[in-house]
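Everything below concerns the one structure shown next.
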Amino acid sequence: MRHTYVAPLSNQDRLRVDFETQRGRVTALHVVQYETIRHGAWHAVARYDTAHGFVHLDLHTQFGQVKYQVPIQDLGDALTFAINDLKDNWTVYKNQFLGPQP
């Protein structure tokens, strides 16, 4: 079964989650993504996924994109980790994305 939802973090920030389960177990982690509005459009700031065959974080900063491998094999644990990380650290990721603000 596919599960997709969007959860607001503020009026300009949101968390988008997309994963699959079978018999209560996470079988696919499509995306856990923190997005912010900039210039009237949603932009991905930090994204966990398994697109390259392993769990990783793509972090967009003012200097470009950085990829971090996440050493978690179990997709359920990875899903929980990703959601908690983005909920706890979205303001840090946003500041790295936007850079110094006047």
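Phe81 contributes atom CZ, which lies 5.0 Å from atom CD1 of Ile72 (distance to the nearest 0.5 angstrom). In this structure, the separation between OH on Tyr93 and CG on Leu98 is 15.0 Å, given to the nearest 0.5 Å. Separation of atoms CD1 (Ile83) and CG (Asp88) is listed at 11.5 Å; rounding is to 0.5 Å. In this structure, Phe97 CZ and Leu59 CG are separated by 10.0 Å, a value rounded to the nearest 0.5 Å.
Across all non-hydrogen atoms, the minimal contact from Leu9 to Tyr34 is CD1-CD1, 3.7 Å. For the pair Leu57 and Ala46, the tightest heavy-atom approach, listed with the atom from each and the gap, is CD1-CB, 3.9 Å. Of all non-hydrogen atoms in Leu29 and Ala78, the two that sit nearest each other are CD2-CB, 4.2 Å.
When the ring pair (Phe, Tyr, Trp, His ring centres under 6.0 Å) test is applied to His56, the partners found at least two apart in sequence or on another chain are His52, Phe54. In terms of the salt bridge (Lys or Arg N to Asp or Glu O under 4.0 Å) criterion, residue partners of Arg47 (sequence neighbours excluded) are, by chain and number, Asp49, Asp58. Partners of Thr21 by side-chain contact (heavy atoms from CB on, under 4.5 Å), not counting sequence neighbours, listed by chain and number: Met1, His3, Phe19, Val26. For Asn95, there are no side-chain contact (heavy atoms from CB on, under 4.5 Å) partners, not counting sequence neighbours. For His60, there are no side-chain hydrogen bond (donor to acceptor under 3.5 Å, both in side chains) partners at least two apart in sequence or on another chain. Tyr68 meets the ring pair (Phe, Tyr, Trp, His ring centres under 6.0 Å) test with no other residue; sequence neighbours excluded. When the side-chain hydrogen bond (donor to acceptor under 3.5 Å, both in side chains) test is applied to Thr50, no partner is found at least two apart in sequence or on another chain. Partners of Asp85 according to the salt bridge (Lys or Arg N to Asp or Glu O under 4.0 Å) rule, which considers only residues two or more places apart in sequence or in another chain, do not exist here. Applying the salt bridge (Lys or Arg N to Asp or Glu O under 4.0 Å) rule to Asp18 yields the partners Arg2; only residues at least two apart in sequence or on another chain are considered. Not counting sequence neighbours, the partners of Glu35 by the side-chain hydrogen bond (donor to acceptor under 3.5 Å, both in side chains) test are Arg14, Arg16, Gln33.
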| request: Could you go through the side-chain contact (heavy atoms from CB on, under 4.5 Å) check for Val32 and Leu79 one step at a time? | output: CA-CA 7 Å; Val32 179; Leu79 175 66; 3.6 Å; yes
| Stepwise, does the side-chain contact (heavy atoms from CB on, under 4.5 Å) test hold for Phe63 with Gln96? | CA-CA 9 Å; Phe63 304 110; Gln96 291 175 348; over 6 Å; no
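Proximity of a side-chain donor or acceptor of Asp74 to a complementary backbone N or O of Asp77 within less than 3.5 Å is detected.
Taking the side chain as every heavy atom from C-beta outward, His30 and Glu20 approach each other to under 4.5 Å.
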Taking distance alone, no hydrogens or angles, what donor-acceptor pairs closer than 3.5 Å link side-chain atoms of residues 36-45 to residues at least two apart or in another chain?
residue	atom	partner	partner atom	Å
Thr36	OG1	Gln12	O	3.2
Thr36	OG1	Asp13	OD1	2.8
His43	NE2	Arg38	O	3.2

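For Gln73, the CD atom sits in a loose shell: 12 or fewer heavy atoms of surrounding residues, nucleotides or ligands are nearer than 6.0 Å.
For residues 25-34, no pair satisfies salt bridge (charged side-chain N to carboxylate O under 4.0 Å, His left out), with sequence neighbours left out.
Linking ILVMFWY side-chain heavy atoms closer than 4.5 Å, directly or via other members, places Leu15 and Val92 in two distinct hydrophobic clusters.
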